[in-house]
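Scroll down for the structure; my scribbles are underneath it.
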Number of protein chains: 2
Amino acid sequence: MARTVAERADILPLLGEVFREHGYEGASLAHITARTGLGKGSLYHFFPGGKEEMAAAVLAEIDGWFEVNVYAPLRADGDPAAAVRDMLARTDAYFRSGRRVCLVGVFALGEVRDRFGAAVASYFARWRDALAAALTRAGFPSAQADDRAEEAVLAIQGALVLARALDDPAVFGRALERLGQRLLDGL
Amino acid sequence: MARTVAERADILPLLGEVFREHGYEGASLAHITARTGLGKGSLYHFFPGGKEEMAAAVLAEIDGWFEVNVYAPLRADGDPAAAVRDMLARTDAYFRSGRRVCLVGVFALGEVRDRFGAAVASYFARWRDALAAALTRAGFPSAQADDRAEEAVLAIQGALVLARALDDPAVFGRALERLGQRLLDGL
DNA sequence: TCAATAATGTACCAATTGGTACAGATAGCG
DNA sequence: CGCTATCTGTACCAATTGGTACATTATTGA
């Protein structure tokens, strides 16, 4: 029988797309096999735990990507203003300028939040805290940094919801624009 | 056989809860019969169109509630500042101070958006436009009013996502607080 | 080359899905 | 009372759900 895929890691992005589009419950094995091109045999070989393990692996991969590309740079020494601008640019790229939905946000709203609650909470809490750390380094008092960071993380999620609801990705761009102007305002 | 319910309208709030908690796909007939206490017979008597008709009816009911209690007051003559404060109070009450999720937002993120796209888009567009109208009456230039209105609607949705993700309803209260302070700032 | 391991397709499973059909039961009304 | 329209439970349906079992095929390292 034909060998299809080399690495388990190769199919995580495909899996991510399926969960993003259909949510956890809606992502049926039929959808998954269709999108990944893998039969049940391969799927359950790579993920013996079934759908739950697939979703957990996808969450972990996303978490890792954000840790490396978004959170860590925010915490690192160096110009905090540049770090914030960088974060916005990477966020815009990741979410395809508002055309892509946030898997973690989708999971947060669904009943699956109970199953992956820790991963979901950690993703957002670390984003918020890393941003707050950058703002603190930039010179804001701790309370103000926390407040602005929470507002920014929340605005990104809201912008993704609204962009998709209105079918207008530009909403997302405008939200990031506002954050770029206001996050570091009043230093 | 026992008569259970008098009005079709009486079960819409129950249906709304089920869709809110499980999403469209996740809201199985089993969940629905359990929550409403109605058997399939009654359900399909009230909603011959099945789940789709149930979801549409719930969306219409929510839409109507917001039209009367939120959008119309924003558009009406009278003190725009008071209207905005009123909107925030009603929003806080409706979403149970962040403990309740927005059904329309949930639908917007899911694949059901394609099915109910018009209703979903209209809900958010009318909210944004009604708020922009109030801000314009308050004296803001049109462009600024539009920008602030979009930001506010988006912040409300984002706050609901973040509140649920972090399992911390207080996030929602803080977001509304910020909106109250900033929406009318700089007149 | 050849065994061991990794990968894969297929057939199968019980449970659940949304939905239909319909025979009863109930309620309101004259 | 009795008639009619409304309501409701039950049995049933084909399709799909997530998951298992297993024989077969590739690949790899010795």
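Letters A, B, ... are given to chains in the order of the sequence lines, protein chains preceding strands, and every chain is numbered from 1.
- Under the 4.5 Å side-chain criterion, counting only non-hydrogen atoms from C-beta, A/Met87 is in contact with A/Leu131.
- Separating the NE2 atom in B/His31 from the NE2 atom in B/His22 is a distance of 4.0 Å, to the nearest 0.5 Å.
- If you measure from atom CG of A/Leu29 to atom C1' of D/dA15, you get 15 Å, rounded to the nearest angstrom.
- B/Glu150 has a carboxylate O that lies under 4.0 Å from a charged side-chain N of A/Arg178, or vice versa, which qualifies the two as a salt bridge.
- As a whole-Å value, the separation of A/Tyr44 OH from C/dG9 P is 16 Å.
- When rounded to the nearest whole Å, the span between CD of A/Glu53 and C1' of D/dG18 equals 14 Å.
- A salt bridge is defined here as a Lys NZ or Arg NE, NH1 or NH2 lying under 4.0 Å from an Asp or Glu carboxylate O, and B/Glu151 with B/Arg182 meets this definition.
- Distance A/Leu43 CG to C/dT8 C1': 11 Å, rounded to the nearest Å.
- Spacing between atom CD1 of A/Ile32 and atom C1' of D/dT17 amounts to 12 Å, rounded to whole angstrom units.
- Nearest nucleotide to the A/Phe46 side chain, out of C/dT20, C/dA7, D/dT20: C/dA7.
- Of the candidates D/dT8, C/dG18, C/dA11, the closest approach to any side-chain atom of B/Leu38 belongs to D/dT8.
- Look at NZ on A/Lys40: it is 13 Å from P on D/dA21, rounded to the nearest Å.
- Considering only side-chain N and O atoms, A/Ser28 lies under 4.0 angstrom from the phosphate OP1 or OP2 of D/dT17.
- Nucleotide C/dT17 holds its P atom 13 Å from the CD atom of B/Glu25, rounded to whole Å.
- Residue B/Gly39 is the one, among A/Gly41 and B/Gly39, whose nearest nucleotide of DNA chain D lies closer to the 5' end (criterion: closest heavy atom).
- For D/dT8, the OP1/OP2 oxygens have no side-chain nitrogen or oxygen of B/His45 closer than 4.0 Å.
- With rounding to whole Å, A/Phe47 atom CZ is found 12 Å from C/dT8 atom P.
- In this structure, of D/dT8, C/dA7, D/dT10, it is D/dT8 that holds the atom nearest to the side chain of B/Ser42.
- Looking at B/Asp146 and B/Arg128, no side-chain N of the basic residue comes within less than 4.0 Å of a carboxylate O on the acidic one, giving no salt bridge.
- Picking from C/dG19, C/dT8, D/dG19 the nucleotide with the shortest atom distance to the side chain of B/Lys51 gives C/dG19.
- Toward the 5' end of DNA chain D, the nearer of the two residues A/Pro48 and A/Ala30, judged by each one's closest nucleotide, is A/Ala30.
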